[in-house]
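Notes to accompany the following structure.
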Amino acid sequence: MSAEPAAVSLIVSSSPHAHSGASVRRIMLDVIIALVPALAVGLYLFGWNALRLVVVCVSACVLIEALCRKAMGRDPGVGDLSAVVTGVLLAFNLPPALPGWMAVIGCVFAIAVAKQIFGGLGYNPFNPALVGRAMLLVSFPVHMTTWAVPARLASVLEPARTAVDAVTMATPLGWAKTSLSAGNALPLALDSVATAWEFFAGFKPGCIGETSGLALLIGAAYLLYRRCIGWQTPVFFVGAVAVFAAILWRVDPARNLHPVFHVLTGGVMIGAFFMATDMVTSPVTRAGMAVFGAGCGVITMLIRAWGGYPEGVSFAILLMNAVTPLINKATRPRVFGHGRRK
Amino acid sequence: MSASKPKLSPNVGVHPAYHKEATSAKPIEVMPLPPLLRVSMSQHLGKPALPVVKKGDTVLRGQVIGEAAGFVSAAVHAPTSGAVKDVAEAPTAGGIMALAVDIAPDGRDAWAPAVEENRRKRADLLARLRDDPAAARKEVVAAVADAGIAGMGGAGFPTHVKLSPPPDKPIETLIINGAECEPYLTADDRLMVERAAEIWQGALIIQAALGAKRVRVAVENNKPRAAAAMGAAVADSAGDCAVVMLETMYPQGAEKQQILAILGREVPSGGLPMDVGVVVENVGTALAVRDAVVNGRPLTERVTTVTGPCVAEPKNVLARLGTLYSDLVAFCGGFARPPCKIVSGGPMMGLAQSGLDVSTAKTTSGLVALPRELVGAFVSMPCISCGRCVEACPSGLMPCELSQMLEAEDYEAAAGCNVADCIECGCCAYVCPARRPLVQHMRRGKAWVAAQRRKP
């Protein structure tokens, strides 16, 4: 063998010449893998309707992404799988009975407006899936708050099935809000361990992917293991919701849900572990992640307690997305050799 | 040897794949003289040496062929005896051109008489250093300067400069750096295993020259044999001397990170280790100092790890300075597979080469030949703000943010965010899932800051 690599062209580039092997595609794939348990619960609870929306959203997001990129004269860009993640997450945040064409409008808004107009992956200031959901919520408020009754239902909600409607019903949060704003007492006393467990497992109405805290936690554990999310965001998010709700509950248990149910109902679990942890739109520092999570939790509770909507997770995260650059600036790490230490 | 927990700098780094097993058990092999030595005048940080020989001259080993061009410079010596074939510009590993002296060895490898004179002159230097250190210190520094020694860990800072701290910066601790945190490289590891006693003698000479109270030998805990050898060498010494185990983590060999890990002291931004009373010297440098003081010999050779998946027989090679990379590779059996990238130094901070027509210098710790699958072509993507670079940066910077500022050519903003504190260790780019050329961006930013500082 010759020592002269005459025929070989050598690559000359800046150091480092080693790489961890991490890739954007692998991170997105990990998020998709982590969403599988929640998807399974969604399919089990809501049947083919859930599958339909997931398929519609994923295909629409990927297609729209490819079309946008083509229109801008860029590479297709769908290989990074980020459009798949957006599609799954948007579907997870929709009621299972939503008409497909509405979901497609949400996808167009999420990908074309919230993501590609800003320059594509990495440049979008707001979480695309949540922008899509927020747009659908203000455009189609009735459809977005009409919930199919899952095949199995938490025991505490059983009476509501017959009392309200046979086919659809409100989410626990919605039910509570409606009742309270009509001047009535809390319609459901959520205080038994059995009910909490059923809620945690997912036997309650809600969006396709948000009902089972258990399934979401399994996925989140995988993401933590793969170091795709920092623990600070979800812990401070859920923690802030729990503390805020506990204070309200202590002050007036007759008009406020138990903190455990605030954490287990609505979008807190999926929001804290999968939406607020979106890398692009959340802070890069660990301290920033904590601030971001806590902010999301507080705003969620402000909306739930005093806002017009029964649920506030989406808007809370979007509002915190807006201040992410400021949080990054405020939580820059101390640079080596500057300040304190001697 | 200290049995305490391995030390770790609180500012984190990364765990690259180390690949040291290819050469870590292989004894250092002495390479026979090649047909040509191309000895560069620019083997150190600072001004290149000025050649003092011309084509047609005959030289002896250890004879000065390049004189130091000022204080922050280093002399260059003939690595063997032979005939000067040419004095001309040649490429260096750093990618610039510098004058080099081509020497055709005559095979006798005869030392210059000055070497023997120096040995005799310095025969009692060790004793005098013990009895009257203040007077003998200057002689040690002069001997080190005469020997043309420059930091052999890779930076190549002239050692006599480090050994001459200003009077207002007393040196309390000397750290002998055997961390060797770069993947693939095992030159320092083998040096410690095979020549621990000599390295330690060099360390004691440097300690005496600096008047330092403490000596610490820093070894990462993935080199147990080196740590044991150094521990045995240190054991007989009186005074505050110890081997310190460092947890294996890149870049614990970076001197500022190492000082923080061992002493808990942080070198101020823009400052030097001497600002916190510390001097850090590489194990190879300590050995070179010993050789200069005890044997009167200038620096004419060093150990280089020639390795990587493309090299047929990876080795730790003791080669003369000026050995062409092509000869080094041939001595290691040539390439078993075509390399895609050849790195001078380690893969984290080393310099990619465009060919093998470069020769070894005082700083050449390794030559790593990487195949296509470990180099590969990649497209860098926009930052997805994952924050992994922020977590990995041992300097506490936010490389993601800095790289975006620098991409937008907003140099003022990057300077304001302390881009000048980047040590170019490469941790950020190593972990970046978007494969952004972060270190390249930082270098541009640092160059801008340096240019601003030079402005009147």
Side-chain angles (χ1 to χ4, degrees), chain A residues 1-28 75 77 79-80 82 119-124 227-230 278-286 288-289 324-325 328-329 331-342, chain B residues 11 14 16-17 183 256 265-271 312 326 329-330 333-336 338-343 347-356 370 375 381-388 390 394-398 400-401 418 421 424 426 429-435 437 439-440 443:
Chain A
M1 277 287 164
S2 158
E4 280 298 331
V8 186
S9 55
L10 293 172
I11 292 178
V12 178
S13 62
S14 174
S15 64
H17 311 290
H19 193 263
S20 60
S23 72
V24 174
R25 184 190 166 89
R26 179 68 222 196
I27 289 172
M28 295 299 165
D75 69 282
D80 61 36
S82 62
L121 180 67
Y123 295 116
N124 50 300
R227 306 190 65 178
C228 289
I229 60 173
D278 171 43
M279 289 173 168
V280 174
T281 56
S282 65
V284 292
T285 63
R286 293 284 164 160
M289 291 175 193
T324 289
N328 276 337
K329 227 175 223 179
T331 57
R332 281 199 189 112
R334 187 182 64 88
V335 176
F336 191 102
H338 288 258
R340 292 196 306 274
R341 202 196 306 262
K342 279 220 180 115
Chain B
N11 293 58
V14 296
K256 290 181 182 181
R265 290 182 208 166
E266 200 168 298
V267 178
S269 169
S326 51
V329 172
F335 291 122
C340 184
K341 194 182 246 182
I342 292 172
V343 181
M348 293 301 286
M349 287 189 76
L351 299 150
Q353 302 298 306
S354 59
L356 292 175
L370 300 170
V375 180
M381 296 172 63
C383 172
I384 59 162
S385 307
C386 65
R388 290 180 183 183
V390 180
S395 297
L397 299 171
M398 284 173 54
C400 49
E401 183 193 57
N418 303 304
D421 286 291
E424 301 175 31
Y430 177 81
V431 298
C432 181
R435 289 264 193 167
V439 179
Q440 208 171 337
R443 288 200 180 108

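Values below: all heavy atoms of this structure, side chains included; hydrogens, waters and symmetry mates excluded. Throughout, a chain's letter reflects where its sequence line sits, starting with A, and its residues are numbered from 1.
- Interatomic distance, CG of Asp278(A) versus OG of Ser385(B), reported as 9.0 Å (0.5 Å rounding).
- For Ala312(B), no part sits under 4.5 Å from any heavy atom of chain A, backbone or side chain.
- The most heavy-atom pairs under 4.5 Å with chain A, out of Gly426(B), Gly387(B), Pro347(B), Pro183(B), come from Pro347(B).
- Counting all heavy atoms, side chain and backbone alike, Cys386(B) lies closest to Met279(A) at CB-SD, 3.4 Å.
- The candidate from Pro437(B), Ala434(B), Pro16(B), Gly350(B) with the greatest count of non-hydrogen atom pairs under 4.5 Å with chain A is Gly350(B).
- Per-residue heavy-atom pair counts under 4.5 Å with chain B were compared for Ser23(A), Gly337(A), Ala22(A), Cys228(A), and the maximum is reached by Gly337(A).
- Contact count against chain B (heavy-atom pairs under 4.5 Å) is highest for Ser14(A) among Ser14(A), Gly119(A), Ser13(A).
- Residues Ser15(A) and Arg443(B) have side chains in contact (heavy-atom distance under 4.5 Å, counting atoms from C-beta outward).
- Looking at Cys400(B), the atoms closer than 4.5 Å to chain A (heavy atoms on both sides) all sit in the side chain, from C-beta outward.
- When each of Asn328(A), Ile229(A), Thr285(A), Val12(A) is checked for heavy-atom pairs under 4.5 Å with chain B, Val12(A) comes out on top.
- Contacts between Met348(B) and chain A at a heavy-atom distance below 4.5 Å involve backbone atoms as well as side-chain atoms.
- For the set Ala17(B), Ala352(B), Gly271(B), the entry with the most heavy-atom pairs within less than 4.5 Å of chain A is Ala352(B).
- Atom NE2 of His17(A) and atom CG of Leu351(B) lie 6.5 Å apart (nearest 0.5 Å).
- With a 4.5 angstrom heavy-atom cutoff, Pro268(B) touches chain A via backbone and side-chain atoms both.
- Side-chain contact between Val284(A) and Glu401(B): absent, with no pair of heavy atoms (C-beta onward) separated by less than 4.5 Å.
- A side-chain donor-acceptor contact under 3.5 Å links Thr324(A) to the backbone of Thr281(A).
- Looking at Leu121(A), both its backbone and its side chain come within 4.5 Å of chain B, counting heavy atoms on both sides.
- Rounded to the nearest 0.5 Å, atoms SG (Cys340(B)) and CD1 (Ile342(B)) are 10.0 Å apart.
- Your options are Gly288(A), Ala18(A), Gly21(A), Pro16(A), and the one with the most heavy-atom pairs under 4.5 Å with chain B is Pro16(A).
- Both the backbone and the side chain of Ile384(B) come within less than 4.5 Å of a heavy atom in chain A.
- If you tally non-hydrogen atom pairs under 4.5 Å between each of Met381(B), Gln440(B), Met398(B), Arg435(B) and chain A, the highest count goes to Arg435(B).
- A distance of 8.5 Å separates CG of Asp75(A) from CG of Asp80(A), quoted to the nearest 0.5 Å.
- For chain A, the nearby part of Gln353(B) is the backbone; its heavy atoms alone come within less than 4.5 Å.
- In this structure, Arg388(B) contributes its side chain and Arg227(A) its backbone to a donor-acceptor pair below 3.5 Å.
- Judged purely by distance below 3.5 Å, without hydrogens or angles, the side chains of Ser395(B) and Lys256(B) never pair a donor atom with an acceptor atom.
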